[in-house]
Amino acid sequence: MEKLEKSLREIAEKLLSEKKVDLIIGYERGTRPLRTTPCFVNKTEDVQKLIWDSSCDNNLAKYVVDRKEKVGVVAKGCDARLIAVCIAENQVPKENVIIIGVPCLGVVDRKKVESKLEEKEILEATIEGEKIKVKGEEFELLLAKNDFLCDSCLTCKHRNPPIQDVLVGEEVPELTEVNEFTEVENLEAMAAEERWNHFNGELSKCIRCYACRSVCPLCYCKTCFVDQSIPTWFGKTNDLSDTMIYHIVRALHVAGRCVDCGACSRVCPVNINLRELMKKIEKIVKERYNFKAGLSLEEAPPLGDFKSEDPQEFIK
Amino acid sequence: MKNVEKGWEPRILAFLCNWCSYAGADLTGISRIQYPPNVRIVRVPCSGRVNPYYIIKALQCGWDGVLVSGCHPGDCHYISGNLVARRRFAVLKDLLEYVGIEPARVNFSWVSAAEGGKFASVVTEVVNEVKALGPAKRLVKVRIEWKNLKNR
Ligand code: SF4
Ligand code: SF4
Ligand code: FES
């Protein structure tokens with residue numbers, strides 16, 4: 001990790017001093033244990049702030065949309081793919097972004113650590129290789145990092161950024177064998193009514209804070225459909241149908257674009273597993289149109305495109 | 001068909017493309033072909049004009065079923081409106097089914113201006129299927145009725 005951090009800082013310093021970029025967007029240590037926070041560096045002397053470890057979970061692709069200056073962005077596989085989607089959708093010109101790719105072995109899901117510790121508060125935590133050392137009042141624990149990775153990371157097939165301009169360190173082996181759709185398949189196997197009750201139960205927890213929307217790099221619309229008032233499409237109430245519709249439509253809007261970065265599930269204050277919806281959308285698009293998002297800078301999102309031979313078995 | 005009031009009839013909202021299915025529905029009438037009177041028709045310029053919001057909103061407003069009908073692939077007045085729509089509808093239909101909406105409530109068809117008979121059979125099929133399901137409940141926004149609040 002230290003080696004990676006060192007070369008990341010060198011790369012950042014070089015990009016800044018050669019004036020290839022005006023700004024580096026990366027991670028710095030946060031104020032809470034296991035937290036990092038986005039870090040904006042525009043002076044070479046500040047590159048020392050930049051860090052890299054398995055707690056760098058923020059999705060920095062969020063910050064590239066609409067940028068006027070040239071930026072270098074530290075990007076894991078999922079972040080790089082999202083930057084690619086934003087470039088393909090003309091939200092930022094390619095020449096304004098330098099993707100500093102970091103091969104990633106997965107980020108830690110703080111919620112999993114917290115639930116393991118139940119009510120105990122973590123006061124200090126460090127990630128050392130394969131272990132997470134957590135300390136609190138009257139306890140100290142060594143946890144195996146791999147047991148606390150984010151769900152998306154467990155089935156991620158692009159740990160190495162498929163698109164990057166510079167790579168920090170060496171590529172890591174990809175997970176080729178894992179089935180990324182197990183959760184979705186289990187849900188599909190249920191009866192319709194069971195699924196309805198399941199999603200009702202999950203989504204009725206939603207408090208409509210819109211954190212999932214704020215964190216998603218793809219939710220860049222100036223006015224979101226839920227905020228639109230002329231016409232008012234759907235209510236902003238906590239009526240279950242309004243909440244369900246918010247999530248259904250958001251899922252539709254990221255169809256063929258979402259890369260399962262997991263940011264929306266991680267950010268949710270009431271622990272809704274939004275991945276169940278996002279993965280389904282990904283599966284539909286994959287099965288119907290053989291498309292995977294974020295692997296190309298040119299290809300348009302599949303929902304803005306068509307082929308004359310697209311399947312239409314559902315049409316009478 | 002539990003809890004179905006006696007004499008309940010489904011209400012189906014149909015979005016018909018002006019250039020084909022709407023004319024097809026006209027032909028059904030002109031040809032005196034019988035079909036169930038449960039559909040209310042909204043004329044749209046093209047099936048590509050039908051935003052998934054319309055369909056979801058219809059379900060939320062309590063329509064028991066929705067039908068969207070456009071020109072056959074290749075016949076769209078705007079060349080590819082129906083082909084783009086086809087992808088949108090496919091994803092919408094799969095997703096609604098996944099969250100647990102009964103698939104028979106959301107229907108799509110291609111009906112040309114010459115297919116009066118097909119229009120009648122599509123509508124009959126949709127109405128029969130929705131009838132078998134009973135009134136829509138899922139995703140329907142609960143109206144707060146004054147008379148139900150009074151006794152509280
Ligand atoms: S919808 Fe969620 S998982 Fe998908 S790209 Fe947006 S934040 Fe990431
Ligand atoms: S972050 Fe969670 S609670 Fe907030 S709007 Fe999204 S799903 Fe609802
Ligand atoms: S004009 Fe009929 S579907 Fe486009």
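Chain naming here is simple, since letters A, B, ... match the order of the sequence lines and numbering starts at 1 in each.
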Check: Considering heavy atoms only, which positions within residues 19-29 of chain B lie below 4.5 Å of chain A?
Finding: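 Listed by number: none.
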Next item on the list: Write out, in numerical order, the residues from residues 84-105 of chain B with a heavy atom short of 4.5 Å from a heavy atom in chain A.
Entry: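 Against chain A, the residues of residues 84-105 of chain B that fall inside the cut-off (heavy atoms, under 4.5 Å) are B:Val84, B:Arg86, B:Arg87, B:Arg88, B:Phe89, B:Ala90, B:Val91, B:Leu92, B:Lys93, B:Asp94, B:Leu95, B:Leu96, B:Glu97, B:Tyr98, B:Val99, B:Gly100, B:Ile101.
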Check: Counting a contact as any heavy-atom pair under 4.5 Å apart, which residues of residues 258-287 of chain A contact chain B?
Finding: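 Only A:Glu276, A:Leu277, A:Lys280, A:Ile281, A:Ile284 of residues 258-287 of chain A have a heavy atom under 4.5 Å from chain B.
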Check: How about residues 231-240 of chain A versus chain B: which residues have heavy atoms under 4.5 Å apart?
Finding: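 Checking residues 231-240 of chain A against chain B gives A:Thr232, A:Trp233, A:Phe234, A:Gly235, A:Thr237, A:Asp239.
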Side chain / backbone / both / neither for [X] at chain B, heavy atoms under 4.5 Å:
| X | result |
| --- | --- |
| A:Asp305 | both |
| A:Asn200 | neither |
| A:Phe199 | side chain |
| A:Glu309 | backbone |
| A:Pro311 | backbone |

Checklist line | Selection from A:Lys307, A:Met244, A:Glu313, A:Gln312 maximising heavy-atom pairs under 4.5 Å formed with chain B | finding: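 The option with the most such pairs is A:Gln312.
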Next item on the list: Mind ranking A:Glu194, A:Met190, A:Arg288 by heavy-atom pairs under 4.5 Å with chain B and telling me who comes out on top?
Entry: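 Of the candidates given, the most pairs with chain B belong to A:Arg288.
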Checklist line | Heavy-atom side-chain proximity of B:Lys57 to A:Ile245 below 4.5 angstrom | finding: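 Answer no - side chains too far apart.
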Notebook entry, point to check: Are B:Val126 and A:Lys316 side-chain neighbours, meaning at least one heavy-atom pair lies under 4.5 Å?
Noted result: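 Of all side-chain heavy-atom pairs linking A:Lys316 with B:Val126, at least one is under 4.5 Å.
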Does atom [atom1] ([X]) have a neighbourhood of more than 12 heavy atoms from anything else shown, all under 6.0 Å?
| X | atom1 | result |
| --- | --- | --- |
| B:Ile79 | CD1 | no |
| A:Asn186 | CG | yes |
| A:Glu193 | CD | no |

Checklist line | Whether A:Phe225 and B:Tyr53 hold their rings parallel, tilted or perpendicular, with breakpoints at 30° and 60° | finding: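 Ring orientation, 0 to 90° scale: tilted.
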Next item on the list: Hey, could you give me the CG/CH2 distance between B:Leu139 and A:Trp196, rounded to the nearest 0.5 Å?
Entry: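 Separation between the atoms: 4.5 Å.
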Notebook entry, point to check: Roughly how far apart are A:Leu252 CG and B:Ile56 CD1, rounded to 0.5 Å?
Noted result: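 Reported to 0.5 Å precision, the distance equals 5.5 Å.
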